[in-house]
Structures are given as C-alpha cells and as structure tokens.
**Q** 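Sharing a structure here in structure tokens format.
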Amino acid sequence: PMFKRFGLFAAAIAALVLLASGMVTASAASAQGKFAVVDTQRAINDSNAGKRAQVQLKGQHEKLKRSLQRLEAQVRKLRAELENTAMLLKPEAKLRKEQEFNRKAKEFRDRARDAEQELMQAKRALFQPIITRMAGLVKEMGKAGNYTLIVDSRTAIYYPKSVDIT
C-alpha cells in the first residue's frame, strides 16, 4: 500500500535502506544482484574535460564580473553625485539626475540577472556533453561488471565506501 503511493522509486529506496541496515542477509542481497555507487560530480570535476570546462567557465565568469564591476562603479558614482549635489540642483536638474541614476541602477540589475543566466547556460552547454559521456561510461561499467543497479552518490542515503566505483 505505501509503495503504491510512492511508486517503484520508493520501493528501490526501501530495498537499499534494508540492504544497508543489515535487515537483509548478505546471501539474499547477493542473490538479488550487485549494487554500486558513483560520485559523478567528482568524476566529472576530476576528468580532463571537466577541468577544461571549469577553466572556460571561470574565464567567462571573470569577464562578466569585470563588466559588472565597471557598471556598479558608474552607479555608485551617480549615487554619490546625486547625494552630494541634490540640495544645490534645481528641481528639474535633480529629477534628471535621479532618472539617470535609476536608469543606470536598473541597467546594472538587468545586466547582473542576464550575466547569471548566461553563466547557467554556459555551464549547461559545457557540462552536458561530459555528463552524457559519463552516463555512457557508467552504463558500460554496469554491463561489464554485471551490476544490477548503479546510483549517484548524491542520491544514496548510506553506502559503504566499498561499493563506490568512482
């Protein structure tokens, strides 16, 4: 009844928990199949392709950061000018200065949001081929090693280090 509500995934998790907690004997577990865990994040980060992607991403991040810092400096300068001269300016001049500041502040916020999205897209574009290749390698390892199940270490609640095949 509980597994009907949560599906096959819950049943698999429950089985893994039972295996890990020792409620199922080693002989019963071995009759069911071979299980393994892979730390895909570590495998990707430690791979040459992953390292190259990180360098590219870092370079792009630094470029966007420099651009944003220049824009932020302009916003700060306008704010300081506005604060220092507001009392001396005529109402229409003050209004123009406030509008200029607001426009530049909005430009900064928009550019910061765009830069964040750009970095996320770049990360996806750089790492998706690596992730796809990694999934293929894990499948090959699973077939070659006659594994019944290989899960990512981030989804496993508990596992002994001996089942980590990263």
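As the structure is a prediction and not an experimental result, all values here were calculated from the model.
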**Q** If you define the side chain from C-beta out and look only at heavy atoms, does anything of R109 sit under 4.5 Å from K106?
**A** yes
**Q** Got a sec, which pairs hit salt bridge (Lys or Arg N to Asp or Glu O under 4.0 Å) with one end in residues 83-94, sequence neighbours left out?
**A** none
**Q** Distance from I165 atom CD1 to D39 atom CG, nearest 0.5 Å?
**A** 11.5 Å
**Q** Cut-off 3.5 Å, no hydrogens considered: what does the side-chain donor-acceptor table look like for residues 63-79, sequence neighbours left out?
**A**
{"unit_1": "E72", "atom_1": "OE2", "unit_2": "R76", "atom_2": "NH2", "d": "3.1"}
{"unit_1": "Q74", "atom_1": "OE1", "unit_2": "K104", "atom_2": "NZ", "d": "3.0"}

**Q** How long is the gap from CD on E81 to NZ on K97, to the nearest 0.5 Å?
**A** 4.0 Å
**Q** Considering only heavy atoms from C-beta outward, does the side chain of T132 approach that of Q128 to under 4.5 Å?
**A** yes
**Q** Could you tell me the separation between the CD atom of E100 and the CZ atom of R96, rounded to the nearest 0.5 Å?
**A** 10.0 Å
**Q** Under 3.5 Å, side-chain donor or acceptor atoms of residues 134-150 against the rest of the protein: list the pairs with distances, not counting sequence neighbours.
**A**
{"unit_1": "T148", "atom_1": "OG1", "unit_2": "K34", "atom_2": "N", "d": "3.2"}

**Q** Is R113 salt-bridged to D110, going by a charged N under 4.0 Å from an acidic O?
**A** yes
**Q** Enter the distance from D114:CG to L119:CG here, rounded to the nearest 0.5 Å.
**A** 11.0 Å
**Q** Check salt bridge (Lys or Arg N to Asp or Glu O under 4.0 Å) between R103 and all other residues, then give those that pass, not counting sequence neighbours.
**A** E107
**Q** Return the OG to CZ distance between S153 and R42, rounded to the nearest 0.5 Å.
**A** 8.0 Å
**Q** With a cutoff of under 4.5 Å between side-chain heavy atoms, which Ile, Leu, Val, Met, Phe, Trp and Tyr residues group with L88?
**A** none
**Q** Are I130 and L126 linked, directly or through intermediate hydrophobic residues, by side-chain heavy-atom contacts shorter than 4.5 Å (ILVMFWY only)?
**A** yes
**Q** For a quick test of your reading: what N or O donor-acceptor pairs under 3.5 Å do the side chains of residues 46-61 make, sequence neighbours left out?
**A**
{"unit_1": "S47", "atom_1": "OG", "unit_2": "I44", "atom_2": "O", "d": "2.7"}
{"unit_1": "S47", "atom_1": "OG", "unit_2": "G50", "atom_2": "N", "d": "2.9"}
{"unit_1": "Q54", "atom_1": "NE2", "unit_2": "N45", "atom_2": "OD1", "d": "3.4"}
{"unit_1": "Q60", "atom_1": "NE2", "unit_2": "E118", "atom_2": "OE2", "d": "3.4"}

